[in-house]
Amino acid sequence: PATSAQKLIDVDEERRYRIFSDKKIAQEVPGYSLCNKWKGYIFRITGGNEKQGFLMKQGVLLLYCVRLLLADGHSCYRTRRAGERKRKSVHGCIVGPDIAVLSLVIVKQGENDIHGLTGNVLPKRLGPKRATKIRSFFNLGKEDDVRKYVVRREVKSAKKEDAKPYTKA
């Protein structure tokens with residue numbers, strides 16, 4: 001959601017998470033199948049982990065784990081040296097019975113709030129710094145002065161306790 005909050009929901013009943021079986025990453029699922037209170041919500045599957053901890057990888061059209069030769073630029077792998085490749089285990093992008101954790105994103109919000117997820121609004125701690133990004137964030141024109149809209153925050157020095165607080169953009 002717009003709050004960028006996260007929530008872990010444990011689903012024990014098999015009939016509730018049955019709707020996710022044989023779905024791929026990036027497919028959308030209605031929310032009422034998980035809970036009747038979430039009528040009108042639509043979730044998108046963004047990934048997940050298998051019971052052994054292997055990540056789901058987009059583009060691997062399988063229900064099980066495979067070992068792929070991954071290089072720099074692939075998801076699920078970070079190179080340590082230039083040109084390094086490594087064979088790593090990844091799970092396919094299709095949700096199967098061995099998936100332990102599934103990551104979902106809210107695409108469409110329903111009429112009721114999900115407690116701890118959509119109800120609370122977290123303020124933006126940092127604002128945009130570039131002039132063009134400030135203009136688009138506050139819907140300003142070219143003639144408006146951008147310097148009046150810079151989001152500043154007060155910072156206290158960590159090294160000196162008696163130092164005067166200063167502001168940072």
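Just so it is clear, the values below take in all heavy atoms, side chains as well, and ignore hydrogens, waters and symmetry mates.
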Main chain of A163, side chain of S157: is a donor-acceptor contact present, judged purely on distance under 3.5 Å?
no

Around E161, counting heavy atoms of other residues, nucleotides and ligands shown, do more than 12 lie under 6.0 Å from its CD?
no

Any chance you could lay out the side-chain contact (heavy atoms from CB on, under 4.5 Å) test for V150 and I134, step after step, and finish with the verdict?
CA-CA 7 Å; V150 175; I134 292 172; 4.0 Å; yes

Hphob cluster co-occupancy, I42 + I19, side-chain heavy atoms under 4.5 angstrom:
no

Here the pair of heavy atoms bringing K39 nearest to Y32 is CA-CB, 4.2 Å

Do the side chains of M56 and I25 get nearer than 4.5 Å, heavy atoms only?
yes

Which atoms form the tightest heavy-atom contact between C65 and F54, and what is the distance?
SG-CD1, 3.4 Å

side-chain contact (heavy atoms from CB on, under 4.5 Å) for V29 and K23? Distances and angles first, verdict last.
CA-CA 9 Å; V29 178; K23 296 268 195 234; 4.2 Å; yes

Does the R44 side chain pair with the main chain of V107, one donor and one acceptor, at a distance under 3.5 Å?
no

Determine whether L62 and L55 fall in the same hydrophobic cluster, where Ile, Leu, Val, Met, Phe, Trp and Tyr are linked whenever their side-chain heavy atoms lie under 4.5 Å apart.
no

Donor-acceptor check, side chain of R81 to backbone of T79, threshold 3.5 angstrom: yes or no?
no

Hphob cluster co-occupancy, V95 + Y64, side-chain heavy atoms under 4.5 angstrom:
no

Measure the OG-CZ distance between S136 and R130 for me, rounded to the nearest 0.5 Å.
11.5 Å

If I take atom CZ from residue R152 and atom OG1 from residue T167, how far apart are they, to the nearest 0.5 angstrom?
4.0 Å

Closest non-hydrogen atom pair, L68 against K57:
CD1-CD, 4.2 Å

Of the non-hydrogen atoms in C76 and K88, which two are nearest, and what is the gap between them?
O-CE, 4.4 Å

Assess the residue pair K51 and I99 against the criterion (side-chain contact (heavy atoms from CB on, under 4.5 Å)); give the C-alpha distance rounded to whole Å, side-chain angles, the decisive distance to 0.1 Å, and a yes or no.
CA-CA 6 Å; K51 288 178 181 168; I99 295 293; over 6 Å; no

d(I45 CD1, I94 CD1) to nearest 0.5 Å is 11.0 Å

Please determine whether the number of non-hydrogen atoms from other residues, nucleotides or ligands lying under 6.0 Å from atom CZ of R16 exceeds 12.
yes

CZ on F20 to OG on S33, rounded to 0.5 Å:
5.5 Å

Quick one: ring pair (Phe, Tyr, Trp, His ring centres under 6.0 Å) pairs with a partner in residues 122-160, sequence neighbours left out?
F138-Y149

For D113 versus Q109, what's the shortest heavy-atom pair and its separation?
OD1-NE2, 3.7 Å

Nearest non-hydrogen partners of W38 and I114, listed with the distance:
NE1-CG1, 3.4 Å

Step through the shown structure and confirm whether more than 12 heavy atoms of other residues, nucleotides or ligands are within 6.0 Å of CD on Q6.
no

Approximate separation, where rounding is to 0.5 Å, of K129 NZ and K168 NZ:
7.0 Å

Check the pair L70 / K86 against side-chain contact (heavy atoms from CB on, under 4.5 Å), numbers first and verdict last.
CA-CA 5 Å; L70 301 176; K86 198 166 189 180; 5.9 Å; no

For H91 and N49, what are the C-alpha separation, side-chain angles and deciding distance, and is it a side-chain hydrogen bond (donor to acceptor under 3.5 Å, both in side chains)?
CA-CA 8 Å; H91 192 278; N49 286 47; over 6 Å; no

What is the distance from atom CD of Q27 to atom SG of C93, rounded to the nearest 0.5 Å?
9.0 Å

With side chains defined as the heavy atoms from C-beta onward, is the minimum distance between L104 and L34 less than 4.5 Å?
yes

Side chains of R153 and L126, heavy atoms from C-beta outward: is any pair under 4.5 Å?
yes

If you group Ile, Leu, Val, Met, Phe, Trp and Tyr by side-chain heavy-atom gaps below 4.5 Å, do V11 and V101 land in one group?
no

Is L102 reachable from Y17 through a run of hydrophobic residues whose side-chain heavy atoms are each under 4.5 Å from the next?
yes

Does CG belonging to D145 count more than 12 external heavy atoms closer than 6.0 Å?
yes

Just say parallel, tilted or perpendicular for the rings of F43 and Y41, cut-offs at 30° and 60°.
parallel

